[in-house]
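Letters A, B, ... are given to chains in the order of the sequence lines, protein chains preceding strands, and every chain is numbered from 1. Hydrogens, waters and symmetry mates play no part in the numbers below; they use all other heavy atoms, side chains included.
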Amino acid sequence: MLRSCAPSGLCGRLFRICLLRLAYRACLFYKGEVTTSEPPSPSLFSPMPEGSGSYLARLNPEQRAAIETTDGPLLVLAGAGTGKTRVLTTRFAHILLTGRAKPWQILAVTFTNKAAREMRERVGLLLGAPADGLWLGTFHALCARMLRRHAEYAGLTQGFTILDTDDQLRLLKQVMEPWRIDTKRWPPPGLLGVIQRWKDRGLTPARVTPAEDTDFANGHARAIYEAYQARLLQLNACDFGDLMLHVTEILRTQPDVLAQYHRLFRYILVDEYQDTNTVQYLWLRLLAKRPDGAANICCVGDDDQSIYSWRGAEVENILRFEKDFPGAQIVRLERNYRSTRHILGAAAGLIAHNADRLGKTLRSGRDDAEGDKVSVTGVWDSDAEARIVCETAESLRAQGHSLAEMAILVRAGFQTRAFEERLVQTGLPYRIVGGIRFYERAEVRDAIAYMRALTQPADDLAFERIVNVPKRGVGPAALQKLHAAARAAGVSLSVATAQLVENATLKGKLGEQLGKLMTALATTRDIMARDGHVVAIEHLLEESGYLDMWRQDRSPEAPGRLENLKELVRALADFGTLGEFLEHVALVMEHDENAQEARLSIMTLHGAKGLEFDIVFLPGWEEGVFPSQRTLDEGGQKGLEEERRLAYVGITRARKQALIFHAGSRRIYANWQPSMPSRFLDELPDEHITRNDEGGMRHRGLHSTDSVFANGPVIARRRRDPLADDATSLQLGDHVRHARFGVGIVIAADRHHVEIAFENAGTKRLLSSFIEKL
DNA sequence: GTAATAATTATTTTT
DNA sequence: TAATTATTAC
């Protein structure tokens, strides 16, 4: 994934690698036993007298309170741009520097690897030394670490594999077969979703009540879930949700394990608490609540930025904090140091429309200029929108703003296309953040499957993936045979295949090819023992014929794929062992790109959370797109509020300027659809916004034709001045013309839109400025 | 077992 | 529209 913000790519990377190695060594060192004794590396933290640290200087009183309230439960409600990360990292350092805990006695949890990395770097900076040997990481990374120690309680062994989404789905499809489910009506990805939601809620198959099992796959969902879990154990594998689920289940049922962690962790810090799901909440509560009732847990979050409910996040966790942890203190961080007053005012006015809030008001923490108002621009169609956004970006760059400080934030992926096309034409450097990530590319996954098959003989999924890539004549029929042999002998696919090759049961080309594959795997193991994993993997990819497959491929992508494989082998060298590398791949799924020139970023609003830019473009603020129709249909009022929070997140990403756009019609799939301005626009306080609806249309008018029925929206040339057609000039009963829908009569009108009964296009609600009066 | 053709279906995706 | 996926014919 491309992420621009790491200040020093190489440094951060080396740093992370060091930590990963350390974590891994720690794993081996502890192996199944949680110890509260000193870790191998001596620490250099000596206690300091209370409050004397210079690190506390230049904090505002609320931030200071959030840091110095060390004991007991604490909820820090941190609005956007109020210095949340600073509080979290300083609090971490404070606990260490005042001698309240040793580095390994603090559990610090984040959602993203990026946040974990940033926190580790900043804590290290505050301490003046690299922060090693910490329990600091994402929920999943920490759980993976715990689960490797206690794997046997979950029915796994220490070296279990973590499956990616691809494997999960393939596995589920296999497991579903005996049920003969109608996959048209009950698509496997849907069922996988159901299972994931169960896991999000901490429900093992045994904990799923029959009442919850009625809706999917004719009530077989729970049974399939159970079979799926059983199969995972056979493969010595777990999926992503299992990392949380297994550990939580162990903590629930193994009091001695829980007690070990209670002894270990004196303080718990949690970032982005509003995004926790139920298992994560249970996991935290189990670890935080000691037998004596004490709980030194500090959760930082913002209920107004909860945008992941569709992934199982429960805003209720943060809303309920005081009940969960009696005696909890609450600190509100409301002073924003990021954005101008108008941006804050617009965001505050918008979010005030939400009902379920803990209530927070962002105030400006800076005394500098008011800044520009948030601009709202109505344009003719989605093409015009892309054009104006790109032109604006270009002229802002000419005024001295770096493209690296600008971002286009869209609601959904399909919106990126129009911008991309336009940017290619314009020649502005851009990047799309959150596309296919390096480790998700087919060739990279294939190569990783080779590595998994190498290290994990039980990993049937990896073996299945590579057995016929490159083509070795193993089709469904041959695979069936291998499966049957494996089942009969009670061994894994690769072991069974090796046996069949050995005793020459497989004849002809098939036997020969598979023989070569098994030899390649065997020789690679020898080489790995002798020359290390990098040389070994090079050998494996070569001998298996995988590299040749791409070398012979004449498609235009092939050279790029080979390049990616080269890069993969290069990355391999950053890790001490193949196991470390595979853990990194499974958990981190990130890959550093070399630093490049300043680029304009295009990303989804979800992807922008936690980032900030000088200038933010917010296109597509139209009903149906944003708020998204689907969320509205599925989530009702709650869905609307989440969309509104997303809008709030979008606006508050901007430091200096937020530019909102909406188009009169938008091409969705094949055809043009009329679109109404988003209701969120009406919720922005007038005093903080400027409207400039004419911009795109005047421009467009020059190139348009007379035809009302032309392919694509056009403005009739007859129209002299778009500004003259103000909303106020339209009355009920007026005869009007719309470029796409022809002529009609106004049947309703308010400040911004009118409803028109068209002769040929039915009744539509439209923005009044797109209407021409006859 | 593969290649060509038909059919299907379109959010958000921290790990 | 366009990309992915299932089906069918070879």
Side-chain angles (χ1 to χ4, degrees), chain A residues 1 3 109-118 137-144 162-165 168-169 173 183-184 187-189 192-193 196 199-200 238-245 271-272 274-277 279-280 305-313 382 409-418 421 433-437 439-440 442 468 471-479 509-510 513 583-590 603-611 620 624-635 639 642-643 645-647 649-650 667-673:
Chain A
M1 166 111 81
R3 280 268 149 93
V109 204
T110 64
F111 270 84
T112 62
N113 289 301
K114 203 179 145 228
R117 200 187 318 143
E118 200 175 315
T138 63
F139 276 102
H140 296 274
L142 292 166
C143 276
I162 301 166
L163 299 184
D164 60 37
T165 35
Q168 288 174 41
L169 195 59
K173 278 181 186 159
T183 50
K184 282 259 154 42
L192 197 61
Q196 265 158 9
K199 290 184 175 180
D200 287 342
C238 65
D239 67 19
F240 242 89
D242 283 337
L243 294 173
M244 291 297 317
L245 187 69
D271 191 16
E272 307 278 19
Q274 77 283 349
D275 286 333
T276 49
N277 60 33
V279 228
Q280 287 161 344
Q305 291 189 64
S306 157
I307 54 173
Y308 281 106
S309 74
W310 50 274
R311 264 189 135 243
S382 38
L409 308 184
V410 295
R411 172 67 245 265
F414 70 84
Q415 291 172 263
T416 57
R417 197 189 193 129
E421 282 169 7
V433 180
I436 321 127
R437 293 182 281 187
Y439 290 118
E440 283 169 357
N468 202 33
K471 301 254 152 57
R472 295 190 181 89
V474 185
L479 195 60
K509 219 171 188 153
L510 182 71
Q513 298 271 13
E583 186 85 348
H584 171 83
V585 171
L587 289 172
V588 180
M589 283 297 239
E590 262 178 50
M603 63 181 92
T604 63
L605 287 159
H606 286 90
K609 201 175 88 167
L611 305 177
V625 176
F626 191 37
S628 130
Q629 192 55 50
R630 191 146 156 196
T631 302
L632 256 36
D633 292 344
E634 287 167 9
E642 180 148 319
E643 293 284 300
R645 291 193 290 267
L646 202 48
V649 167
R667 190 167 41 184
I668 291 177
Y669 312 134
N671 41 356
W672 288 89
Q673 296 222 322

Go through the structure and list residues passing side-chain hydrogen bond (donor to acceptor under 3.5 Å, both in side chains) with A:Asp271, not counting sequence neighbours.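 With sequence neighbours excluded, A:Asp271 shows a side-chain hydrogen bond (donor to acceptor under 3.5 Å, both in side chains) to A:Lys84, given in chain and number order.
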With sequence neighbours excluded, residues passing side-chain hydrogen bond (donor to acceptor under 3.5 Å, both in side chains) with A:Asn468: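 Partners of A:Asn468 under the side-chain hydrogen bond (donor to acceptor under 3.5 Å, both in side chains) test: none.
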Take the protein atom [atom1] of [X] and the nucleotide atom [atom2] of [N], then report the distance between them rounded to whole Å.
X        : N      : atom1 : atom2 : value
A:Asp271 : B:dT15 : CG    : C1'   : 14 Å
A:Asp200 : B:dT13 : CG    : P     : 17 Å
A:Ile668 : B:dA10 : CD1   : C1'   : 11 Å
A:Glu272 : B:dT13 : CD    : C1'   : 15 Å
A:His140 : B:dT15 : NE2   : P     : 9 Å
A:Gln673 : B:dA10 : CD    : P     : 15 Å
A:Phe139 : B:dT15 : CZ    : P     : 13 Å
A:Leu587 : B:dT13 : CG    : C1'   : 16 Å

Syn or anti for B:dT12, please, going by whether the chi angle lies within 90° of 0.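 Anti.
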Using the P atom as the reference point in each nucleotide, state the distance between B:dT12 and C:dA3 in Å, no decimals.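 Their P atoms lie roughly 16 Å apart.
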Looking only at atom C1', what distance separates B:dT13 and C:dA2, rounded to whole Å?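 That atom pair is separated by 22 Å.
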Under the rule for side-chain contact (heavy atoms from CB on, under 4.5 Å), what residues qualify as partners of [X], not counting sequence neighbours?
X        : result
A:Glu634 : A:Arg630
A:Val649 : A:Gln305, A:Ile307, A:Lys609, A:Arg653
A:Ala141 : A:Thr138, A:Leu587
A:Glu643 : A:Arg411, A:Phe626, A:Pro627, A:Ser628, A:Thr631, A:Leu646, A:Phe680

Distance-only donor-acceptor test (3.5 Å): side chain A:Arg411, base B:dT11: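 In this structure, the two groups form no donor-acceptor pair.
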If you take atom types as modelled and just measure distance, does the side chain of A:Arg437 reach the base of B:dT13 with a donor-acceptor pair under 3.5 Å?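 Flag unset: no donor-acceptor pair detected.
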Would you classify A:Thr138 as touching base, sugar-phosphate or nothing, given that sugar-phosphate means primed atoms plus P, OP1 and OP2, and contacts are heavy atoms under 4.0 Å?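 Sugar-phosphate, no base atom in range.
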Sugar-phosphate only, base, or nothing, as touched by A:Tyr308 at under 4.0 Å among non-hydrogen atoms: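 Contact class for A:Tyr308: base.
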Selection from B:dT11, B:dT13, B:dT14 that lies nearest to any side-chain heavy atom of A:Ala412: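 So the nucleotide nearest the side chain must be B:dT11.
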A:Thr631 side chain N/O closer than 4.0 Å to the phosphate oxygens (OP1, OP2) of B:dT12?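 No, outside the criterion.
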If you compare every side-chain N and O of A:Asn113 against the phosphate oxygens of B:dT14 (OP1, OP2), does one of them come in below 4.0 Å?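 No.
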How would DNA chain B look in dot-bracket form, 5' to 3', counting Watson-Crick and G-U wobble pairs with both distances under 3.5 Å and writing | for bases paired to another strand? ||||||||||.....
Using heavy-atom distances to pick each residue's nearest nucleotide on DNA chain B, tell me which of A:Leu646 and A:Ala586 is more 5'.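 The 5'-side residue here is A:Leu646.
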Please indicate yes or no: is the ring centre of A:Phe414 less than 5.5 Å from the centre of the six-membered base ring of B:dT11, with the two planes inclined by under 30 degrees?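 No; by the centre-distance and plane-angle rule, A:Phe414 does not count as stacking on B:dT11.
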Could you encode protein contacts along nucleotides 1-10 of chain C as a string, one character per nucleotide from 5' to 3', using B for base contact, S for sugar-phosphate-only contact and - for no contact, with a heavy-atom cut-off of under 4.0 Å? BSS-------
If you compare all heavy atoms of A:Ala144 against all heavy atoms of A:Glu583, which two are closest, and at what distance to 0.1 Å?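 Residues A:Ala144 and A:Glu583, closest heavy atoms: CB-OE2, 3.7 Å.
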Can you name the atoms? Protein N/O to nucleotides 1-4 of chain B N/O, anything below 3.5 Å, with the distance.
| residue | atom | partner | partner atom | Å |
| --- | --- | --- | --- | --- |
| B:dG1 | OP1 | A:Gly473 | O | 3.3 |
| B:dG1 | OP1 | A:Gly475 | N | 2.7 |

Residues which pass salt bridge (charged side-chain N to carboxylate O under 4.0 Å, His left out) with A:Arg311, listed by chain and number, not counting sequence neighbours: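 Residues passing salt bridge (charged side-chain N to carboxylate O under 4.0 Å, His left out) with A:Arg311: none at all.
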If the condition is ring pair (Phe, Tyr, Trp, His ring centres under 6.0 Å), which residues does A:Phe240 pass it with, not counting sequence neighbours?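 Partners of A:Phe240 by the ring pair (Phe, Tyr, Trp, His ring centres under 6.0 Å) criterion, ordered by chain and then number, come out as A:His140.
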Return the set of residues passing ring pair (Phe, Tyr, Trp, His ring centres under 6.0 Å) with A:Phe111 (not counting sequence neighbours), or none when no residue passes.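 Partners of A:Phe111 by the ring pair (Phe, Tyr, Trp, His ring centres under 6.0 Å) criterion, ordered by chain and then number, come out as A:Phe139.
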Which distance, rounded to the nearest 0.5 Å, do you find between the CZ of A:Arg667 and the CZ of A:Arg417?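 One finds 8.5 Å between CZ of A:Arg667 and CZ of A:Arg417.
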Spell out, as yes or no, whether a donor-acceptor pair under 3.5 Å connects the side chain of A:Asp242 to the backbone of A:Leu245.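 No; judged by distance alone, with no hydrogens or angles, the pair does not exist.
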Whether the side chain of A:Gln168 engages the backbone of A:Leu192 through a donor-acceptor N/O pair (distance < 3.5 Å, no angle test) should be reported.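 Side chain of A:Gln168 to backbone of A:Leu192: no pair is present.
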